[in-house]
Amino acid sequence: MLSNQRIQELELVMEFEKVEECFKEVSSWIENVGRKRLKEMVNLDDSLEMLLQTQKQFREFDLVASEYCRRGQEALKRMDRWEDFSSVDVHSYRVKLQSYRDHLEEFCTQLDESRHRICETVRLYEFFDKVRQGTYSTEEGVKS
């Protein structure tokens, strides 16, 4: 039984190294590209035209960012089967794994929040633009 446990631990370490390699790539992209792009989109422009341009740029970025999130989640999911492994020797791996999971979840949440904020801001500006156009049309009708 002890031999089987050691074999499982070695399998865990080998699997973890593959996951860690993948996650380092994902994490590097998040830090070097993803977070910077999200910060750029914090201040939304004051015109509907500029907002629509920002939304278009965000959609392009979102496709790439969502792919990195998916890849990171898939890599971490491969380690789920080791969650119940109680050996002290693998504790440090579980701690690292949780750190990776938290890092990825934080970025994915920020991505979702940015997507929602941009979408809602565009909808609000479109509504106000329609109201402004309706008010202008009404004023023109009253003047005639």
- Query: For S28, what residues pass the side chain to side chain donor-acceptor pair (under 3.5 Å) criterion, not counting sequence neighbours?
  - Reply: N32
- Query: How long is the gap from CG on L97 to CZ on R101, to the nearest 0.5 Å?
  - Reply: 4.5 Å
- Note on the structure: Taken in chain and number order and not counting sequence neighbours, the residues that satisfy ring-ring contact (aromatic ring centres under 6.0 Å, His included) with Y68 are W29
- Query: Does the T109 side chain pair with the main chain of E105, one donor and one acceptor, at a distance under 3.5 Å?
  - Reply: yes
- Note on the structure: The salt bridge (Lys or Arg N to Asp or Glu O under 4.0 Å) partners of K24 (sequence neighbours excluded) come to none
- Answer whether the closest heavy-atom distance between the side chains of E20 and Y100 falls below 4.5 Å. yes
- Kindly indicate whether the side chain of L104, heavy atoms from C-beta on, has any atom under 4.5 Å from the side chain of I30. yes
- Item | Q110 versus R35, side-chain donor and acceptor atoms under 3.5 Å | yes
- Query: Are F61 and L38 side-chain neighbours, meaning at least one heavy-atom pair lies under 4.5 Å?
  - Reply: yes
- Residues in side chain to side chain donor-acceptor pair (under 3.5 Å) contact with Q57, at least two apart in sequence or another chain: none
- Scanning both residues in full, the closest heavy-atom pair of V42 with R117 reads O-NH1, 3.3 Å
- Query: Considering all heavy atoms of both residues, which atom of L111 and which atom of A65 are nearest to each other, and what is their separation?
  - Reply: CD2-CB, 3.7 Å
- Item | Taking every non-hydrogen atom, the tightest pair across F107 and C69 | CD2-SG, 3.7 Å
- Here the gap from L48 atom CG to R132 atom CZ, rounded to the nearest 0.5 Å, amounts to 9.0 Å
- Going by heavy atoms in the side chains, are Q55 and L51 under 4.5 Å from each other? no
- Query: Are E74 and R71 within salt-bridge range, i.e. N to O under 4.0 Å?
  - Reply: no
- Message: Between E31 and H103, is there a side-chain donor-acceptor contact under 3.5 Å, judged purely by atom types and distance?
- Response: yes
- Query: Between D129 and Q133, is a side-chain contact (heavy atoms from CB on, under 4.5 Å) present by the stated rule, with each step listed?
  - Reply: CA-CA 6 Å; D129 193 52; Q133 288 175 1; 3.2 Å; yes
- Message: Does any part of the side chain of F16, heavy atoms only, come nearer than 4.5 Å to the side chain of K96, both counted from C-beta?
- Response: yes
- Under the side chain to side chain donor-acceptor pair (under 3.5 Å) test, which residues partner E67, sequence neighbours left out? R70
- Counterpart residues, side chain to side chain donor-acceptor pair (under 3.5 Å), relative to E120 (two or more places apart): R123
- Message: I'd like to know whether CG of N43 has more than 12 heavy-atom contacts from other residues, nucleotides or ligands below 6.0 angstrom.
- Response: no
- Query: Can you check whether D62's main-chain N or O pairs, donor with acceptor, with S66's side chain at less than 3.5 Å?
  - Reply: yes
- Which atom pair, heavy atoms only, marks the closest approach of L44 to M41? CD2-O, 3.5 Å
- Connected via hydrophobic side-chain network under 4.5 Å: L52 and M50: no
- Rounded to the nearest 0.5 angstrom, the CD-NZ distance for E126 and K130 is 6.5 Å
- For E49, look at atom CD and say whether over 12 heavy atoms of other residues, nucleotides or ligands are found less than 6.0 Å away. no
- Message: I'd like to know if K36 and E40 make a salt bridge, using a cut-off of under 4.0 Å between side-chain N and carboxylate O.
- Response: no
- Message: Would you compute the distance between atom NZ of K18 and atom CZ of R78 and round it to the nearest 0.5 angstrom?
- Response: 7.5 Å
